[in-house]
**Student:** 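Once you've had a glance at the structure underneath, I'll fire off some questions.
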2 protein chains.
Amino acid sequence: MMNVRTICLAILSFGEASGYEIRKLSTEGDFSYFVYASFGAIYPALNKLESEGLVTGRLETQAGKPAKKIYAITDAGRAAFREALAQPPARDIFRSEFLLIAMCADLQNPQVIRRAIDTQVAQLETEIEQLGLIAADCDHPGTCWVVNYGLACMRTSLAYLKENRASLEALAMPPAAAAAE
Amino acid sequence: MMNVRTICLAILSFGEASGYEIRKLSTEGDFSYFVYASFGAIYPALNKLESEGLVTGRLETQAGKPAKKIYAITDAGRAAFREALAQPPARDIFRSEFLLIAMCADLQNPQVIRRAIDTQVAQLETEIEQLGLIAADCDHPGTCWVVNYGLACMRTSLAYLKENRASLEALAMPPAAAAAE
DNA sequence: TAGGCCATGTAACCGGTTACATGATTAG
DNA sequence: CTAATCATGTAACCGGTTACATGGCCTA
């Protein structure tokens with residue numbers, strides 16, 4: 001049950017937040033490695049959750065900024081979240097455009113493959129850096145555990161990529177053949 | 001562009017296949033680690049692809065089995081696929097219910113956490129085993145590269161899980177507190 | 001003064017899943 | 001005789017993205 005509802009409950013179980021903040025956390029913050037959610041999904045989800053009594057919303061006016069609606073999880077919400085997490089986890093979902101490109105490396109010319117690898121390396125490096133920052137000042141043990149798990153996986157990916165990029169590049173179409181297409 | 005269309009083109013670029021076979025490959029075969037696609041998505045996609053001239057369909061009658069429509073990629077299809085893969089890859093998508101459970105381990109009682117870890121370990125082990133079989137008799141270099149990449153990542157995950165499961169279990173709510181809820 | 005951040009929300013659209021409909025063959 | 005495998009397809013539904021609407025404040 002990894003839908004927007006559950007994500008909202010998860011984030012609110014760590015503390016109060018507005019819809020705007022939930023979106024930030026789910027795309028840039030600690031939760032961005034599990035989920036992506038847009039405004040168009042979050043706001044309706046929060047309204048529904050409120051109508052069901054799983055969260056409560058309170059309007060807070062701010063000086064010089066638009067008013068925000070701060071949501072807090074209720075006991076019923078906490079129970080629902082706990083129950084959702086209690087059943088055995090579904091299989092992890094992993095989707096990688098890079099791996100599809102790699103698998104079909106023999107259809108592309110070397111520049112394309114090199115660029116794809118460069119992009120992937122850069123992406124992994126920034127993600128590792130960001131995870132490192134989170135790990136550095138992390139006071140919540142569960143979050144720490146998960147972040148370190150993520151770091152271990154990403155470091156392996158990056159190391160494999162760097163060590164084996166030459167053999168992948170070698171699979172690409174020779175420029176002559178590519179030019180003849 | 002990791003939609004069903006692209007997946008169909010990818011699979012057909014390796015050889016002819018029917019809709020039924022494409023679904024098998026995308027859920028159980030070599031491609032199942034990048035994608036999941038159901039009949040309801042594949043059949044309409046293939047029909048559209050055919051109407052656009054990117055694939056051709058040929059009806060084949062079989063003795064004792066229903067007739068199947070075998071699709072083959074055309075030159076135009078190959079070009080479209082190549083072009084789709086030529087642009088830099090989007091960020092990998094990773095969704096893990098297990099990591100959400102782990103992050104919130106302090107909300108659950110130890111049995112639940114233990115069961116979640118067991119499920120995750122079992123899932124990783126079977127996936128590693130299956131990937132090992134694919135790697136064992138794999139004649140296509142691009143596929144080999146990708147499979148070995150996947151194996152490296154999954155082995156790291158599994159090792160981390162096994163080495164650190166005790167510390168995760170320790171985060172779970174003590175049974176007394178859980179009972180009081 | 002232009003663009004970015006804060007902040008909430010709606011509506012159109014889309015890609016995909018689930019369930020249904022159909023039917024023959026084979027294995028337990 | 002039942003269940004599974006082979007095989008194709010449609011229709012209802014749903015969850016989510018994208019784009020739009022609105023508007024004030026702050027920074028470059």
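Lettering follows sequence order; numbering is per chain, from 1.
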**Student:** Please report the distance, rounded to the nearest Å, between CG in A:Asn47 and P in C:dT10.
**Tutor:** 6 Å

**Student:** Within less than 4.0 Å of OP1 or OP2 of C:dT17, is there a side-chain N or O belonging to B:Ser38?
**Tutor:** yes

**Student:** Heavy atoms from C-beta onward define the side chain here; which of C:dG15, D:dA7, C:dT10 lies closest to that of B:Asn3?
**Tutor:** C:dG15

**Student:** Starting the side chain at C-beta, find the nucleotide from D:dT17, C:dT10, C:dG9 nearest to A:Pro44.
**Tutor:** C:dT10

**Student:** Classify the nucleic acid contact of A:Lys48 as base, sugar-phosphate or nothing, counting any heavy atom under 4.0 Å across all strands shown.
**Tutor:** nothing

**Student:** Scan B:Tyr43, B:Phe39, B:Tyr71 and name whichever one has a ring pair (Phe, Tyr, Trp, His ring centres under 6.0 Å) with B:Tyr20.
**Tutor:** B:Phe39

**Student:** Considering residues, nucleotides and ligands other than B:Glu83, do more than 12 of their heavy atoms fall under 6.0 Å from its CD?
**Tutor:** no

**Student:** Can you figure out which of C:dT17, C:dA7, D:dT8 approaches the side chain of B:Tyr20 most closely?
**Tutor:** D:dT8

**Student:** Could you check how far NZ of B:Lys24 sits from P of D:dT5, rounded to whole Å?
**Tutor:** 8 Å

**Student:** Examine A:Val112 and B:Phe81 and state if one hydrophobic cluster contains both, with Ile, Leu, Val, Met, Phe, Trp and Tyr joined whenever side-chain heavy atoms are less than 4.5 Å apart.
**Tutor:** no

**Student:** Rounded to whole Å, how long is the line connecting atom CD1 of B:Ile70 with atom P of D:dT8?
**Tutor:** 9 Å

**Student:** Using a 6.0 Å cut-off, check whether atom CD of B:Glu129 has over 12 heavy atoms from anything other than its own residue.
**Tutor:** no

**Student:** Nearest of C:dC6, D:dT10, C:dG9 to any side-chain atom of A:Tyr71?
**Tutor:** C:dG9

**Student:** Over how many whole Å does the gap from B:Tyr43 atom OH to C:dT18 atom C1' extend?
**Tutor:** 16 Å

**Student:** Where each residue is assigned the nucleotide of DNA chain C containing its nearest heavy atom, which of A:Gly40 and A:Lys68 is assigned the position nearer the 5′ end?
**Tutor:** A:Lys68

**Student:** Using heavy atoms to find the nearest nucleotide of DNA chain D for A:Phe39 and A:Lys65 separately, return the residue whose nucleotide is more 5′.
**Tutor:** A:Phe39

**Student:** When you match A:Ala37 and A:Pro66 each to their closest nucleotide on DNA chain D, which lands nearer the 5' end?
**Tutor:** A:Ala37

**Student:** For B:Leu46 and C:dG15, what is the distance between atoms CG and P respectively, to the nearest whole Å?
**Tutor:** 16 Å

**Student:** Of the listed nucleotides (D:dC6, D:dT8, D:dT17), which one gets closest to any side-chain atom of B:Gln62?
**Tutor:** D:dC6

**Student:** Rounded to whole angstroms, how far apart are CD1 on B:Ile42 and C1' on C:dG16?
**Tutor:** 11 Å

**Student:** Without decimals, in angstroms, what is the distance between A:Tyr36 OH and C:dG15 C1'?
**Tutor:** 16 Å

**Student:** Between P on D:dA7 and CD1 on B:Ile22, what's the gap in Å once rounded to a whole number?
**Tutor:** 13 Å

**Student:** Applying salt bridge (charged side-chain N to carboxylate O under 4.0 Å, His left out) between A:Lys68 and each of A:Glu60, A:Glu21, A:Glu16, report the one that passes.
**Tutor:** A:Glu21

